[in-house]
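Step one of this worksheet: look at the structure below.
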Amino acid sequence: MGVHSHSITAAVDPSVVWARWTDVENWPLDDPDISKAQLNGPVAKGAIGFIVPRGGFRTPFKLVEVDRQNLRFSLETKLPLAVSLFEHTLTRPVDDPDLHESDAELDPDAWVLTHTLTISGPLSRLWDRIVGRSFTRGLPTVLNNIVTAAHV
């Protein structure tokens, strides 16, 4: 199994982050590795869509979790003998003591944006080398683009 994650803490408007995350057709604005993305229907658990990576093939995905209240959603893509799960979470630093020092002063507008890719299945090690590394390289850019758009 391969797990790749990146987080960024910033003063952002959570409603803007959520809007960017759930506006699938505009994912290429934040992720330069995506040339096109589309969702066939409203943002809801079970909805399906596709992503076209730059220089890649159309890849279908399914929303497997959409939790507006807790500011998280996940999508899944099927790979030959593997599954990739892309998780997006938005949390407050004060809710996670591991993310800050207890005596440090926290920005009251601070949020932690986290994108995580988990690849599982019999060929997960192979797909981790193919997909995981490129995904990991792009995470800082994607999160910085979202923060720039959602900056308070």
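The residues of the chain are indexed from 1 along the displayed sequence.
Hydrophobic clustering of Ile, Leu, Val, Met, Phe, Trp and Tyr side chains at less than 4.5 Å, counting indirect connections, keeps Val64 apart from Leu79. Linking ILVMFWY side-chain heavy atoms closer than 4.5 Å, directly or via other members, places Leu63 and Leu71 in a single hydrophobic cluster. Residues Ile51 and Leu29 do not share a hydrophobic cluster, defined by chaining ILVMFWY side chains whose heavy atoms lie under 4.5 Å apart. Under the 4.5 Å side-chain heavy-atom criterion for ILVMFWY residues, a single connected hydrophobic cluster contains both Trp18 and Val142.
Judged as a ring pair (Phe, Tyr, Trp, His ring centres under 6.0 Å), and not counting sequence neighbours, the contacts of Trp27 are Phe61. A search for side chain to side chain donor-acceptor pair (under 3.5 Å) contacts involving Ser74 returns Glu65, not counting sequence neighbours. Thr77 is linked by a side chain to side chain donor-acceptor pair (under 3.5 Å) to Ser84, counting only residues two or more places apart in sequence or in another chain. When the side chain to side chain contact (heavy atoms under 4.5 Å, CB included) test is applied to Pro60, no partner is found at least two apart in sequence or on another chain. Considering only residues two or more places apart in sequence or on other chains, His4 meets the side chain to side chain donor-acceptor pair (under 3.5 Å) condition with Asp128, Thr136.
Taking all atoms of both residues into account, the shortest heavy-atom contact from Pro28 to Ala37 is CG-N, 4.3 Å. Of all non-hydrogen atoms in Val12 and Pro14, the two that sit nearest each other are O-CD, 3.3 Å. Closest non-hydrogen pair, Val66 versus Ala44, comes out as CG2-C, 3.7 Å. Closest non-hydrogen pair, Ala110 versus Pro93, comes out as O-CD, 3.2 Å. Counting all heavy atoms, side chain and backbone alike, Trp127 lies closest to Pro80 at NE1-O, 3.0 Å.
Evaluated for a side chain to side chain contact (heavy atoms under 4.5 Å, CB included) with Ile8, the options Leu139, Ile146, Leu113 yield exactly one hit, Leu113.
In this structure the side chain of Leu126 never reaches within 4.5 angstrom of the side chain of Leu81, judged on heavy atoms.
For the salt bridge (charged side-chain N to carboxylate O under 4.0 Å, His left out) condition, the pairs that include at least one residue of residues 23-46, sequence neighbours left out, are Arg20-Asp30. The stretch residues 54-64 participates, sequence neighbours left out, in no side-chain hydrogen bond (donor to acceptor under 3.5 Å, both in side chains) pair at all. Sequence neighbours left out, the pairs with a member in residues 114-125 that pass side-chain hydrogen bond (donor to acceptor under 3.5 Å, both in side chains) are Ser5-Thr116, Ser7-Thr114, Trp21-His115. Screening residues 80-89 for salt bridge (charged side-chain N to carboxylate O under 4.0 Å, His left out) gives Arg72-Glu87 as the qualifying pairs, with residues at least two apart or on separate chains.
If you take CG on Asp67 and CZ on Phe73, they are separated by 12.0 Å, rounding to the nearest 0.5 Å. Of the inter-residue distances, the one linking Leu75 atom CG with Ile48 atom CD1 reads 13.0 Å to the nearest 0.5 angstrom.
Taking a 4.5 Å side-chain heavy-atom cut-off between Ile, Leu, Val, Met, Phe, Trp and Tyr, the cluster of Val16 contains only that residue. Applying the 4.5 Å side-chain rule to ILVMFWY residues, one finds that Val83 remains a lone member of its cluster. Its side chain within the 4.5 Å cluster rule, Phe50 clusters with Val52 among the Ile, Leu, Val, Met, Phe, Trp and Tyr residues.
Within 6.0 Å of the CG atom in Leu123, the count of heavy atoms belonging to other residues, nucleotides or ligands exceeds 12.
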